[in-house]
Amino acid sequence: MSDASARVADSTGNWVDTLAPQWARPYLRLSRFDRPIGSWLLLMPCWWSAALAAGMAHDFSRLPLTIILFFIGAFVMRGAGCTWNDITDRDLDAKVERTRSRPLPSGQVSAKQALAFLVAQALIGLIVLLQFNRFAILTGIASLVIVAVYPFMKRITWWPQIVLGLAFSWGALMGFAVIFARIDVTALVLYAGAISWVIGYDTIYAHQDTEDDALIGVKSTARLFGAHTHQALIMFYGLAVMLIGVALASGDARWPAWLGLAAFAAHLAWQIRRLNIDDSALCLRVFKSNRDAGLLLFAGLLVDAVMRAS
């Protein structure tokens, strides 16, 4: 077993490395609490859908608690998903420069310890899920099928980002399941828009590893698009904005939501203009900026929900 204080190559100078107890560090790294951007990205569609559904229901009363529960659930279940991903990918991660220092390939924890930690996180997620209605509980559980198969997709398809999009966008359905105990067309269109967004930002993320991925045979949209990545991003980001706009129109959203969507679209356009796929550090910074893009849209939807409830 290697030193638990050993840092992960692509995540240094964070609170886990400096403040967390040494025994907890490998587990916090498995959950990616040293780099929570993925949890924020998982959370954004949850918050979008909750705010849009609350606005459609003209009822703000349940939204604050729903926002808090979604926050906890997103961070815990993203941690569980990353732990599962690391368990299944531990041999591949050992061959990639950026990931070989992660807790499993570096020997900071064993596969059995990681599996036990996965179960503990899943139980916390279940406790959160049980706070909702029966339909929402079943909807949340259904997402686990996609989460389970995602790590294997990069071995068999050039489009693993689609499967990631199906998983990371599930929250776009959850808000409607919680507020209305159903999933309607508005929710499905919002879900499709979020999937397009995920495909775009995860393509940017995957450009950090294209050389290593090519050597070990891992597939991705970053390798598939290559020099045409900017054109692909225009298509997927453009589709995301269009579909989310259709969802807003279907949900009778007011001007604050549309202002949020405009800010979201402007941010995505900035990303495309800023991106240089040959600069790994820049790819990571642009990828991380999607949290801010998502928050801009959420802010508009939240103000819209408050206005419609008053």
Side-chain angles (χ1 to χ4, degrees), residues 10-11 13 35-45 47-48 98 154 158-166 168-169 171-172 189-214 218-249 253 255-304:
D10 61 347
S11 179
R35 40 192 162 159
I37 180 60
S39 301
W40 283 105
L41 294 176
L42 179 63
L43 177 61
M44 287 301 102
W47 278 1
W48 296 348
R98 187 175 62 84
K154 63 175 73 73
W158 287 100
W159 293 89
Q161 277 69 28
I162 291 180
V163 184
L164 182 71
L166 292 171
F168 260 60
S169 303
V189 176
L190 182 65
Y191 182 51
I195 291 170
S196 296
W197 180 50
V198 174
I199 294 171
Y201 72 58
D202 200 60
T203 296
I204 295 172
Y205 181 82
H207 267 291
Q208 297 176 91
D209 299 323
T210 49
E211 292 183 6
D212 285 331
D213 286 349
V218 168
K219 300 175 181 179
S220 71
T221 49
R223 289 187 61 204
L224 179 65
F225 300 150
H228 301 290
T229 291
H230 281 80
Q231 294 92 321
L233 289 175
I234 290 171
M235 180 179 72
F236 283 109
Y237 276 173
L239 187 61
V241 172
M242 182 189 74
L243 288 169
I244 294 170
V246 172
L248 297 191
W255 66 265
W258 291 103
L259 186 60
L261 180 61
F264 176 75
H267 196 291
L268 299 188
W270 170 84
Q271 289 181 38
I272 296 171
R273 182 177 177 83
R274 182 79 175 90
L275 182 65
N276 175 4
I277 62 173
D278 297 318
D279 185 337
S280 294
L282 178 60
C283 286
L284 183 60
R285 289 199 300 274
V286 172
F287 161 75
K288 287 181 175 181
S289 74
N290 277 281
R291 182 198 66 169
D292 300 332
L295 286 171
L296 288 169
L297 177 55
F298 172 62
L301 289 166
L302 185 62
V303 174
D304 177 41

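Because the structure is predicted, anything quoted here is derived from the model rather than measured.
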Nearest heavy atoms of [X] and [Y], plus distance in Å:
| X | Y | value |
| --- | --- | --- |
| Asp213 | Ala206 | OD2-O, 4.4 Å |
| Val241 | Ala265 | CG2-CB, 3.8 Å |
| Gln271 | Ile204 | OE1-CD1, 3.9 Å |
| Ala257 | Leu301 | CB-CD2, 3.8 Å |

Is the backbone N or O of [Y] less than 3.5 Å from a side-chain atom of [X], with the two atoms forming a donor-acceptor pair by type?
| X | Y | answer |
| --- | --- | --- |
| Ser169 | Leu166 | no |
| Ser220 | Arg223 | yes |
| Asn290 | Phe287 | yes |

Nearest 0.5 Å please: distance from the [atom1] atom of [X] over to the [atom2] atom of [Y].
| X | Y | atom1 | atom2 | result |
| --- | --- | --- | --- | --- |
| Thr229 | Ile272 | OG1 | CD1 | 11.0 Å |
| Thr210 | Phe225 | OG1 | CZ | 14.0 Å |
| Ile234 | His230 | CD1 | NE2 | 8.0 Å |
| His207 | Leu275 | NE2 | CG | 7.0 Å |
| Ser280 | Arg285 | OG | CZ | 11.0 Å |
| Leu233 | Ile199 | CG | CD1 | 11.0 Å |

Are any of the side-chain heavy atoms of [X] and [Y] separated by less than 4.5 Å?
| X | Y | answer |
| --- | --- | --- |
| Trp270 | Arg273 | no |
| Trp47 | Trp40 | yes |
| Gln161 | Val198 | no |
| Phe236 | Thr221 | no |
| Leu190 | Ile244 | yes |

Next on the checklist: Does the plane of the ring in Trp197 sit parallel, tilted or perpendicular to the ring in Trp48? Use 30° and 60° as the thresholds.
Outcome noted: tilted
Checklist entry - Yes or no on side chain to side chain contact (heavy atoms under 4.5 Å, CB included) for Leu295 and Arg291, after CA distance, side-chain angles and deciding distance? => result CA-CA 6 Å; Leu295 286 171; Arg291 182 198 66 169; 4.1 Å; yes
Item to check | More than 12 heavy atoms from other groups under 6.0 Å of CD on Glu211 | outcome: no
